[in-house]
Amino acid sequence: MISKKIISAFLIFSFTTNIFSQTHKNWQNKIDSIIQIETPVHFNGVILINKNGKTVYSKAFGFSEIENKTPMEMNDQFEIMSNTKQITSVLVLKEVEKGKIDLHTPIKKYLPFLKRTWADSVTVHQLLNHTHGIVDVEKPLVFKPGTDFKYGNLSNILLGKIVENVSKKTYRELAAKLFKQLKMNDTFCYSASDKRNLVFGYINKENKFSKVENSMINDENLPADGVISTAHDLVIWNNQLHKGKILSAASYRLMVSESAKSQHDVFGKKKMGYGYNIRIAETNGIQYLGHTGLGDGFSSLNIYIPKADLHIIVLENQMNDNSDLFYYTEKLIKDIIFESELVKSSR
């Protein structure tokens, strides 16, 4: 005869398992629901949530080519835009580890073609965390280096030139070698002649879509915006980067340590930490790392929550014409996840 204690334990286990299952299903349903609501923004892209090495949500919505109604697939490739900058930071830090770059040396040493006097004071460190004050290589600084934050692409264009000069290889070659090493087989630098499974980008104006015919990406701005990737490969990237597989412990600490303050609506209304092309943010007492990317008819969000070992990857092949609606769905998804047991159980 089965004892009452065994029956009781079984009932408790069944109850708690059912509650967890309902909770788990609840956050999934919430994401599905906001995707189905097409106002004010129609979602078109892929969402991947991965926890403890397992995919817990993976769905593609909409079309890779809207005109032909080609269904979106999870292995489709997207321009990740400014999420490229993390990769540039890693390539710089790998040269630092080799002793070829000093973070606190003025950039004139590595970029002798710069003519303005500020090249003798702006450092590599300040390019990495956007505290340099450069708005144009031919113009004066807008603030004294290290005293303020101004985000932009120019710093990463210069960082790309620095790694090319010290390594004697092109940015494209360095990035391709890194992606091969990490087995990011579906990630590469944009090329007009080799787009592989890159989906088309669109501008969304009041849910009417116009295709972006000419990409803004060229060899010059590759280090700022030029990487093409998939949701799956970005999970690989996060795992390798944040679990010590790419950089030394010292280099990684530099990259993810707050060295500036910056505000971004996806991450909150207050200024939060900024490292080397990565945000160090906090929601509901949980610290996380991440960045966004926008342009060319694409939007991307890549978040990693160390304590929960949780990845939130959202890639869209659309960007809104209305700046108030940038990352609209991405932010809702992020908020749902942070209110779910996926994160709350890690507190």
Side-chain angles (χ1 to χ4, degrees), residues 17-64 66 71-78 80 83 199 202 204 207 209 229-239 264-268 279 281-284 286 288-294 298-320 324-347:
T17 301
N18 187 47
I19 290 295
F20 178 79
S21 178
Q22 289 176 0
T23 305
H24 178 67
K25 191 175 181 181
N26 188 41
W27 66 260
Q28 288 186 327
N29 288 343
K30 285 181 179 178
I31 293 177
D32 290 342
S33 295
I34 63 170
I35 299 301
Q36 291 167 12
I37 300 170
E38 297 192 354
T39 54
V41 172
H42 175 89
F43 182 84
N44 204 85
V46 300
I47 304 166
L48 179 61
I49 313 296
N50 182 289
K51 182 175 174 65
N52 295 329
K54 295 182 179 179
T55 297
V56 293
Y57 188 99
S58 175
K59 290 187 181 182
F61 300 91
F63 306 106
S64 59
I66 292 173
M72 188 74 73
E73 297 181 1
M74 284 304 300
N75 63 350
D76 280 336
Q77 295 166 326
F78 294 75
I80 64 172
N83 271 300
V199 300
Y202 293 85
N204 179 347
N207 284 338
F209 298 87
S229 193
T230 64
H232 173 71
D233 269 12
L234 289 179
V235 171
I236 295 175
W237 170 262
N238 286 350
N239 272 321
H264 192 292
D265 284 348
V266 172
F267 299 87
R279 297 185 185 277
E282 186 176 299
T283 295
N284 299 334
I286 297 290
Y288 61 101
L289 304 157
H291 216 280
T292 52
L294 186 76
F298 289 86
S299 307
S300 67
L301 175 67
N302 178 8
I303 285 175
Y304 179 65
I305 309 167
K307 197 171 181 181
D309 192 16
L310 182 70
H311 312 254
I312 305 170
I313 310 293
V314 186
L315 303 176
E316 287 195 81
N317 62 329
Q318 66 157 340
M319 61 175 284
N320 212 280
D324 290 337
L325 296 176
F326 287 169
Y327 307 112
Y328 180 86
T329 309
E330 286 82 351
K331 186 177 185 303
L332 291 176
I333 292 168
K334 188 210 90 172
D335 291 345
I336 288 169
I337 296 300
F338 271 89
E339 287 298 324
S340 76
E341 288 304 309
L342 292 172
V343 175
K344 285 184 175 180
S345 60
S346 305
R347 291 177 184 168

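This is a predicted model, so every value here is computed, not measured.
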Quiz item: To the nearest 0.5 Å, how far apart are CD1 in Ile333 and CD1 in Ile47?
Solution: 3.5 Å
Self-check item: Results of side chain to side chain contact (heavy atoms under 4.5 Å, CB included) for Ser33 - residues two or more places apart only
Solution: none
Exercise. Would you name the heavy atoms of Ala231 and Met74 that are closest together and state the gap between them?
Key: CB-CE, 4.3 Å
Quiz prompt | Partners meeting side-chain hydrogen bond (donor to acceptor under 3.5 Å, both in side chains) with Tyr57 (sequence neighbours left out) | solution = Asp32
Self-check item: By ring-ring contact (aromatic ring centres under 6.0 Å, His included) - contacts of Tyr327 (at least two apart)
Solution: His264
Quiz item: Where is the tightest heavy-atom contact between Asn52 and Ala308, given as atom of each residue plus distance?
Solution: OD1-O, 3.7 Å
Quiz item: Which pair of heavy atoms, one from Pro71 and one from Ser64, lies closest together, and at what distance?
Solution: O-OG, 3.9 Å
Quiz prompt | side chain to side chain contact (heavy atoms under 4.5 Å, CB included) involving Ser300 - partner list, sequence neighbours excluded | solution = Ile80, Asn83, Leu315
Quiz prompt | Distance-minimising heavy-atom pair for Ala281 and Phe267 | solution = CB-CD2, 4.0 Å
Exercise. Only counting residues at least two apart or in another chain, list the ones meeting side-chain hydrogen bond (donor to acceptor under 3.5 Å, both in side chains) with Asn238.
Key: Asn302, His311
Practice problem: Only counting residues at least two apart or in another chain, list the ones meeting side chain to side chain contact (heavy atoms under 4.5 Å, CB included) with Pro306. | Solution: Leu289, Tyr304
Self-check item: Which atom of Val46 lies closest to which atom of Phe78, heavy atoms considered
Solution: CG2-CE1, 3.9 Å
Exercise. Return yes when atom NE2 of His291 has more than 12 non-hydrogen atoms of other residues, nucleotides or ligands closer than 6.0 Å, and no otherwise.
Key: yes
Quiz item: Applying the side-chain contact (heavy atoms from CB on, under 4.5 Å) test to Thr292, which of Val266, Val314, Asp265 qualifies?
Solution: Val266
Quiz item: Between Val56 and Trp27, is any pair of side-chain heavy atoms under 4.5 Å apart?
Solution: yes
Self-check item: Side chain to side chain, Phe298 and Val199, heavy atoms closer than 4.5 Å
Solution: yes
Exercise. Starting at CG of Leu294, measure out to OG of Ser299 and round the result to the nearest 0.5 Å.
Key: 4.5 Å
Quiz item: Is there a side chain to side chain contact (heavy atoms under 4.5 Å, CB included) between Asn284 and Glu339 once you walk through the steps?
Solution: CA-CA 9 Å; Asn284 299 334; Glu339 287 298 324; 3.0 Å; yes
Exercise. Applying ring-ring contact (aromatic ring centres under 6.0 Å, His included), name anything that partners His42, two or more places apart in sequence or on another chain.
Key: Phe209
Exercise. Keeping the roles fixed (side chain from Asn44, backbone from Phe63), state whether a donor-acceptor pair exists under 3.5 Å.
Key: yes
Exercise. First locate atom CG of Leu342, then atom CD of Gln28, and finally report the distance between them rounded to the nearest 0.5 Å.
Key: 8.5 Å
Quiz item: What pairs with Phe326 under ring-ring contact (aromatic ring centres under 6.0 Å, His included), at least two apart in sequence or on another chain?
Solution: none
Quiz item: Could you state the interatomic distance from CD (Glu282) to CD1 (Ile305), rounded to the nearest 0.5 Å?
Solution: 12.0 Å
Exercise. For Gln318, check side-chain hydrogen bond (donor to acceptor under 3.5 Å, both in side chains) against everything at least two apart and list the hits.
Key: Asn204, Glu316
Quiz item: What pairs of residues pass the salt bridge (Lys or Arg N to Asp or Glu O under 4.0 Å) test when at least one of them lies in residues 35-57, not counting sequence neighbours?
Solution: none
Quiz prompt | For Asp309, all residues meeting salt bridge (Lys or Arg N to Asp or Glu O under 4.0 Å), sequence neighbours excluded | solution = Lys243
Quiz item: Does NZ or CZ of Lys334 fall inside the cone over Phe338's six-membered ring, less than 6.0 Å from its centre and within 45° of the axis?
Solution: yes
Quiz prompt | For Thr329, all residues meeting side-chain hydrogen bond (donor to acceptor under 3.5 Å, both in side chains), sequence neighbours excluded | solution = none
Practice problem: Identify the heavy atoms of Ile337 and Val343 that sit nearest to each other, and give their distance. | Solution: O-CG2, 3.4 Å
Quiz prompt | Distance (rounded to the nearest 0.5 Å) between Ile34 CD1 and Ile336 CD1 | solution = 4.0 Å
Self-check item: Side-chain donor/acceptor of Tyr328 to backbone N/O of Pro40, under 3.5 Å
Solution: no
Quiz item: In Å and rounded to the nearest 0.5 Å, what is the CD1 to CD1 distance from Ile312 to Ile49?
Solution: 5.5 Å
